[in-house]
Amino acid sequence: MLIERADVIVTSPGRNFVTLKITTDDGVVGYGDGTLNGRELAVASYLTDHVVPLLIGRDAHAIEDTWQYLYRGAYWRRGPVTMAAIAAVDTALWDIKAKVAGLPLYQLLGGASRERCLVYGHASGKDVPELFDSVRAHLEEGFRAIRIQTGVPGLDSVYGVASSAAASIGDDTRYDYEPARRSALPAEESWDTRAYLRHVPSVFEAVRGEFGEDVALLHDAHHRLTPIQAAKLGKSLEPYDLFWLEDVTPAENQEALRWVRHHTTTPLAIGEVFNSVWDYQHLIREQLIDYVRSPITHAGGISSVRRIMDYAAMYQVKSGMHGPTDVSPIGLAAAVHLGMALHNFGIQEYMVHSERTREVFGPTHEFAGGGLRPSEEPGLGIHFDEALAAEHPYERAYLPVNRLPDGTVHDW
Ligand code: CS2
Ligand code: MG
């Protein structure tokens, strides 16, 4: 079975997505996600200009060989653009293989290791009462694990806080704090670490007081702290028993996590901006983290995230794949199939895509019992509507930029 065509589709039903559609000579179609938020066209060009010509005529079943051919063959390895492009190819080929086998993809990855993949949703509020409303809404919707982000007194806007806490599932404004904004230039936000460190523990104290001990709580520090600040935060949150504390320091410096680890027992998650197993080499072997955040979309696809997770399994490190709305429903479907099969699955991030996005992508996975389960149809379970996708052309968009009070650019 040979690859006959590969088409790159950029669509923007509320936000931008890059999709690769591979068609075989006997008409089987597979889809892969290569969306890189705010830099989408770089991946689209990498695919169209450099990868698609290499795919035509290749054996569609040779997934590992194609992965190695694109990774080693390019000479220039790793990096988010390269690895998102490889991810799109890898995912589309797994979709095809499972469709040909007539099986839902998780069956080819080893079969179900659980009934469903536990997910966490994003609750937020400008202040504590608004946050409580959002947590309550998530609990009513069935979430059993919830990420907590709030405004910080003195700061105008903070990452992770929606402008309307009342927005419901599928509403475009529910997660309006982080869609790459459609403007000529990135929006600019301001940041004050001391104010943040003073405020966050009181928020978790309030949430535990209101909602009790059962619900799993998570928090994302979004790469903004120094190792010693991160250690202090982890320590101050210990009484509130977090499921994880995410991205406490900028991810490039793996040694920073050694400092944090020595000072706190709060579980640590990192890696949404990592894109290969090499980025985890020391973090996993030295057991400096508890959860791996790499999504299939940015880390070379199902084949390579599986490699990361097999390495992680030797050290009791679990998966916590990145699942923001900028990973398309195809990327999410792939994560749910892999999550069903992995023994060391931990949790899956689940920011529900807007109605418009879901109409274009047609995902079939189901949310129930606080978790996601893939449908039983062959492949990934995606019904992509190309005509509808074409009605939503690309619009330039940027993630925000963050500055300290004196104007210095800070980690976003
Ligand atoms: C985030 C993301 O989901 C998360 O944990 O850190 O929202 C991240 O900011 C975006 O995916 C960036 O594109
Ligand atoms: Mg994050």
Side-chain angles (χ1 to χ4, degrees), residues 1-10 17-25 28-37 39-100 105 108-109 271-281 292 294-311 321-322 326-328 330-331 333-335 337-338 379-380 382 384:
M1 191 176 62
L2 303 180
I3 296 174
E4 193 171 86
R5 309 179 46 124
D7 301 282
V8 180
I9 303 162
V10 180
F17 295 105
V18 178
T19 301
L20 180 69
K21 174 188 177 193
I22 295 183
T23 309
T24 68
D25 53 358
V28 183
V29 169
Y31 294 101
D33 178 27
T35 307
L36 189 61
N37 202 3
R39 295 291 187 272
E40 300 86 358
L41 297 186
V43 183
S45 157
Y46 191 108
L47 283 167
T48 309
D49 297 325
H50 304 292
V51 172
V52 166
L54 303 176
L55 295 178
I56 311 305
R58 288 187 69 83
D59 176 2
H61 276 309
I63 299 179
E64 182 62 21
D65 183 65
T66 299
W67 196 97
Q68 300 295 345
Y69 184 76
L70 296 176
Y71 181 79
R72 292 173 201 280
Y75 186 61
W76 310 110
R77 298 174 189 184
R78 304 160 63 184
V81 176
T82 298
M83 299 309 276
I86 295 178
V89 175
D90 184 81
T91 306
L93 293 181
W94 275 110
D95 189 20
I96 288 171
K97 195 184 277 297
K99 281 176 181 159
V100 171
L105 178 56
L108 271 60
L109 301 173
E272 66 181 43
V273 301
F274 290 0
N275 42 62
S276 86
V277 68
W278 300 104
D279 300 316
Y280 291 99
Q281 188 174 11
V292 160
S294 287
I296 285 166
T297 303
H298 301 141
I302 294 165
S303 305
S304 93
V305 172
R306 173 107 220 192
R307 272 193 274 283
I308 298 173
M309 292 319 305
D310 286 345
Y311 174 44
M321 282 179 252
H322 193 205
D326 47 278
V327 160
S328 88
I330 299 171
H337 281 282
L338 182 58
L380 282 170
I382 286 291
F384 191 77

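Hydrogens, waters and symmetry mates play no part in the numbers below; they use all other heavy atoms, side chains included.
- A donor-acceptor pair under 3.5 Å links the side-chain atoms of Asp25 to the main chain of Leu2, judged by distance alone.
- Ala6 and Leu20 make their closest contact through CB-CD1, 4.2 Å (heavy atoms, listed as atom of the first residue, atom of the second, distance).
- Contact between Pro295 and Val305 at its shortest, heavy atoms only, is O-CG2, 3.9 Å.
- The line from CD1 of Ile330 to CD1 of Ile296 is 12.5 Å long, rounded to the nearest 0.5 Å.
- Take Thr48 and apply the side-chain hydrogen bond (donor to acceptor under 3.5 Å, both in side chains) test, not counting sequence neighbours, and it matches no residue.
- Residues Met321 and Val327 form no side-chain contact, since every pair of their non-hydrogen atoms from C-beta on lies 4.5 Å or further apart.
- A pairwise comparison of heavy atoms in Ala87 and Gly301 identifies CB-N, 3.2 Å as the closest pair.
- Residue pairs that meet the salt bridge (Lys or Arg N to Asp or Glu O under 4.0 Å) test with at least one member in residues 65-86, sequence neighbours left out, are Arg58-Asp65, Arg78-Asp279.
- A donor-acceptor distance shorter than 3.5 angstrom exists from the side chain of Asn275 to the backbone of Gly79, with no hydrogens or angles considered.
- Checked against salt bridge (charged side-chain N to carboxylate O under 4.0 Å, His left out), Glu64 has the following partners two or more places apart in sequence or in another chain: Arg307.
- Between Leu109 and Ile302 the shortest heavy-atom distance is CD2-CG2, 3.9 Å.
- Among the candidates Thr23, Leu93, Val89, the single residue satisfying the side-chain contact (heavy atoms from CB on, under 4.5 Å) test with Ile3 is Leu93.
- The CD1 atom of Ile56 lies 8.5 Å from the CD1 atom of Ile22; values are rounded to the nearest 0.5 Å.
- Between Val18 and Val8 there is a side-chain heavy-atom pair separated by less than 4.5 Å.
- If you check the side chains of Tyr71 and Ser276, you find no donor sitting under 3.5 Å from an acceptor.
- To the nearest 0.5 Å, atoms CH2 (Trp67) and CD1 (Ile86) are separated by 6.0 Å.
- Side-chain contact between Asp90 and Thr66 is absent, with no heavy atoms from C-beta onward closer than 4.5 Å.
- Listed by chain and number, the residues in a salt bridge (charged side-chain N to carboxylate O under 4.0 Å, His left out) with Lys97 amount to none (sequence neighbours excluded).
- Between Asp95 and Thr91 there is no side-chain heavy-atom pair separated by less than 4.5 Å.
- Classification of the Phe384-Tyr31 ring pair by plane angle, with boundaries at 30° and 60°, yields tilted.
- The main-chain N or O of Gln281 is found under 3.5 Å from a side-chain atom of Tyr311 such that the two form a donor-acceptor pair.
- Trp94 is listed as a side-chain neighbour of Ile63, based on a closest heavy-atom distance under 4.5 Å.
- Side-chain atoms of Lys99 come within 3.5 Å of backbone atoms of Val29 as a donor-acceptor pair (strictly under, hydrogens ignored).
- No donor-acceptor pair closer than 3.5 Å links the side chain of His298 to the backbone N or O of Leu36.
- With sequence neighbours left out, the side-chain hydrogen bond (donor to acceptor under 3.5 Å, both in side chains) criterion links Thr24 to Asp26.
- His50 pairs by the side-chain hydrogen bond (donor to acceptor under 3.5 Å, both in side chains) definition with nothing, not counting sequence neighbours.
- Panel note: side chain Ser294, backbone Gly271; a donor-acceptor pair is recorded below 3.5 Å.
- Atoms CG and CD1, on Leu380 and Ile96 in that order, are 10.0 Å from each other to the nearest 0.5 Å.
- In plain terms, the two heavy atoms of Val81 and Ala42 that are nearest each other are CG1-O, 3.8 Å.
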